[in-house]
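Just below is one structure, and these are the notes that go with it.
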Amino acid sequence: MSDKLPIAILGAGKIGRAIARYLHTSGHYDVLLGDHVQAALDSVHSETPVATQRVEVSDTSALAGFLKGRRAVISACSFDLTPPIAMAASEAGCSYFDLTEDVAATRFVRDAASKSKEGQIFMPQCGLAPGFISVLAADLCRQFDELHTVKMRVGALPLYPTNMLKYNLTWSTDGLINEYCNPCEAIRGGRKIDLQPMEGLERFALDGVDYEAFNTSGGLGTLCETLEGKVTDLDYKTVRYVGHHYLMTFLLHGLHFERRRGLLKELMEESIPTTVQDLTLAFCTVTGRRNGRLEQAAIARKVYHGAIAGVPASSIQITTASSLCVAVDLWRLGKLPPTGFVRQEDIRLADFLANEFGEPFALATDVTTPISVKDAPEPIA
């Protein structure tokens with residue numbers, strides 16, 4: 001009898017195939033990958049020999065059969081498919097993990113978690129943002145006696161931007177449009193509020209590169225609930241190269257594409273190329289008091305494109321898939337709450353970075369680290 005943990009993955013897209021490869025090559029998991037497109041399953045199987053099965057999420061009985069005998073299910077599908085998958089997991093008695101940044105979808109998962117059986121957890125938002133950035137922010141917050149401000153900034157960016165938007169499609173177009181158009185949770189003056197997306201434009205330089213950042217939806221995960229009443233100000237913004245915000249605002253509000261999201265998706269996917277030559281930036285600053293002094297602490301990590309077990313992968317694939325795999329593996333190892341709804345901030349940063357799937361972040365450059373004397377450049381004569 002195999003000692004591998006039987007686990008199901010739904011969605012054979014860019015992130016689903018990366019998750020499947022990470023889990024399969026670790027040797028700890030018996031992976032079953034499902035999708036409604038047979039060609040997508042065949043493509044994954046050609047590079048990663050996992051079991052595959054064609055399944056329609058809308059078919060309740062087929063989904064139940066797909067989950068039979070599986071200890072957990074991972075949704076790598078679009079956020080709008082979260083409810084049926086979470087409900088199927090609840091009825092099957094298997095634990096549930098997803099990547100959603102959608103606030104409404106997360107509320108549904110929380111409701112499903114209220115019916116958890118012993119040993120069954122529901123853990124949404126396991127990607128990069130929300131996900132790793134939540135773990136990073138929570139770790140910084142624990143270092144302070146009194147919190148004033150928490151700022152979380154994340155960007156998935158092309159290495160070589162050449163179009164006017166200075167952007168390439170590297171992940172879900174539905175998710176991208178969703179975060180550009182939906183209300184953004186934040187804390188102001190100690191109270192939870194909603195901010196408008198695409199507002200709050202700011203510019204900053206990091207590691208010699210100029211960026212801009214603006215409000216987007218969903219990146220805070222559950223931190224608003226966790227920190228309400230404990231921090232004065234908390235917000236999340238998406239990072240882009242300077243100039244992107246102006247053109248996207250023109251599309252969304254000048255031409256009113258925020259009302260025609262399907263058409264905007266079609267336009268973007270026909271006009272903006274994809275790329276695997278990318279980087280992800282996760283940047284968090286916390287200001288508050290510790291040991292009686294007003295201080296600020298910051299961490300910034302850059303992860304570049306590379307490979308997953310020898311197969312080329314974009315940075316957003318690597319960071320999103322590895323973040324989710326860390327959550328699943330910590331659950332397997334008994335390092336998460338055993339039952340019910342589990343938040344990203346329940347993960348300790350030390351546990352995340354020590355996990356085998358956390359290696360891309362553990363090896364990533366912290367661009368806020370000062371240059372040591374031995375690494376400093378030679379002075380100009």
Side-chain angles (χ1 to χ4, degrees), residues 7-20 32-37 40 55-64 66-67 70-117 120-132 134 171-185 216-225 236 261-262 265 316 320-321 323-325 327-328 331 336 340-344 346:
I7 197 161
I9 303 171
L10 283 165
K14 296 174 185 176
I15 306 303
R17 70 192 300 140
I19 294 168
L32 174 62
L33 177 66
D35 197 283
H36 70 288
V37 178
V55 61
E56 292 282 353
V57 171
S58 58
D59 187 334
T60 305
S61 60
L63 189 54
F66 178 76
L67 296 181
R70 298 285 139 178
R71 290 282 308 281
V73 58
I74 296 166
S75 173
C77 298
S78 177
F79 65 88
D80 58 310
L81 296 178
T82 295
I85 298 172
M87 185 60 67
S90 178
E91 293 172 356
C94 60
S95 291
Y96 172 88
F97 301 83
D98 73 28
L99 301 162
T100 188
E101 78 292 334
D102 187 74
V103 175
T106 299
R107 289 176 183 146
F108 188 95
V109 175
R110 184 189 292 275
D111 289 342
S114 66
K115 305 178 184 68
S116 296
K117 302 173 179 65
Q120 181 185 31
I121 72 168
F122 286 77
M123 191 173 188
Q125 307 176 325
C126 298
L128 175 64
F132 174 72
S134 309
W171 63 294
S172 165
T173 310
D174 287 317
L176 177 70
I177 294 171
N178 196 47
E179 71 172 27
Y180 279 7
C181 295
N182 288 355
C184 313
E185 293 183 330
T216 54
S217 177
L220 286 180
T222 54
L223 274 176
C224 261
E225 298 173 17
Y236 171 89
R261 299 189 189 186
K265 177 183 177 181
I316 193 66
T320 304
S323 293
L324 185 139
C325 290
V328 171
W331 165 71
L336 294 179
F341 187 80
V342 180
R343 307 164 302 168
Q344 294 304 308
D346 290 326

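What you see below is based on every heavy atom in this structure, not just the backbone, and it leaves out hydrogens, waters and symmetry mates.
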* Answer with yes or no whether the side chains of N178 and Y180 bring together a donor and an acceptor at under 3.5 Å. => no
* In Å, rounded to the nearest 0.5 Å, how long is the span from CG of L10 to CG of L67? -> 6.5 Å
* Nearest heavy-atom neighbours spanning L81 and C77 -> CD1-CB, 3.8 Å
* Please tell me if the side chains of F341 and S114 come closer than 4.5 Å, counting only heavy atoms from C-beta onward. => no
* Might you work through the side-chain contact (heavy atoms from CB on, under 4.5 Å) test for I7 and R71, ending with a clear yes or no? => CA-CA 6 Å; I7 197 161; R71 290 282 308 281; over 6 Å; no
* Heavy atoms, side chains only, cut-off 4.5 Å: are S75 and L99 in contact? -> no
* Of all heavy-atom pairs between P130 and T100, which one has the smallest distance, and what is that distance? -> CG-O, 3.8 Å
* To do: List the steps and the verdict of side-chain contact (heavy atoms from CB on, under 4.5 Å) for N182 and V103.
  => CA-CA 9 Å; N182 288 355; V103 175; over 6 Å; no
* Any side-chain heavy atom of I9 within less than 4.5 Å of one from V73? -> no
* Asked: Is it true that E225 and R110 make a salt bridge, defined as a side-chain N closer than 4.0 Å to a carboxylate O?
  -> yes
* When you check the side-chain N and O atoms of S78 and D80, is any donor under 3.5 Å from an acceptor? -> yes
* Decide whether Q125 and T222 meet the rule of one side-chain donor and one side-chain acceptor closer than 3.5 Å. => no
* Is there a side-chain contact between Q344 and M123 (heavy atoms, below 4.5 Å)? -> yes
* Asked: Which heavy-atom pair separates Q120 from C94 by the least distance, and what is that distance?
  -> NE2-O, 2.8 Å
* Structure fact -> Tightest non-hydrogen contact, residues L63 and I85, listed as CD2-CA, 4.3 Å
* How long is the gap from OG on S172 to CD on E179, to the nearest 0.5 Å? -> 9.5 Å
* Is I121 close to F97 at the side-chain level, that is, under 4.5 Å between some pair of heavy atoms? -> yes
* **Non-hydrogen atoms of A76 and I19 that approach each other most closely** => CB-CD1, 4.4 Å
* To do: Taking the side chain as every heavy atom from C-beta outward, state whether W171 and T320 have any atom pair closer than 4.5 Å.
  => no
* **Pairwise side-chain contact, D102 with T82, heavy-atom cut-off 4.5 Å (strictly under)** => no
* **Verdict with reasoning, C181 to R261, per side-chain contact (heavy atoms from CB on, under 4.5 Å)** => CA-CA 9 Å; C181 295; R261 299 189 189 186; 3.2 Å; yes
* To do: Measure the shortest side-chain to side-chain distance between F66 and L32 over non-hydrogen atoms and say whether it is less than 4.5 angstrom.
  => yes
* To do: For side-chain contact (heavy atoms from CB on, under 4.5 Å), just list the numbers for V342 and W331, CA-CA rounded to whole Å, side-chain angles, deciding distance to a tenth of an Å, and then say yes or no.
  => CA-CA 10 Å; V342 180; W331 165 71; over 6 Å; no
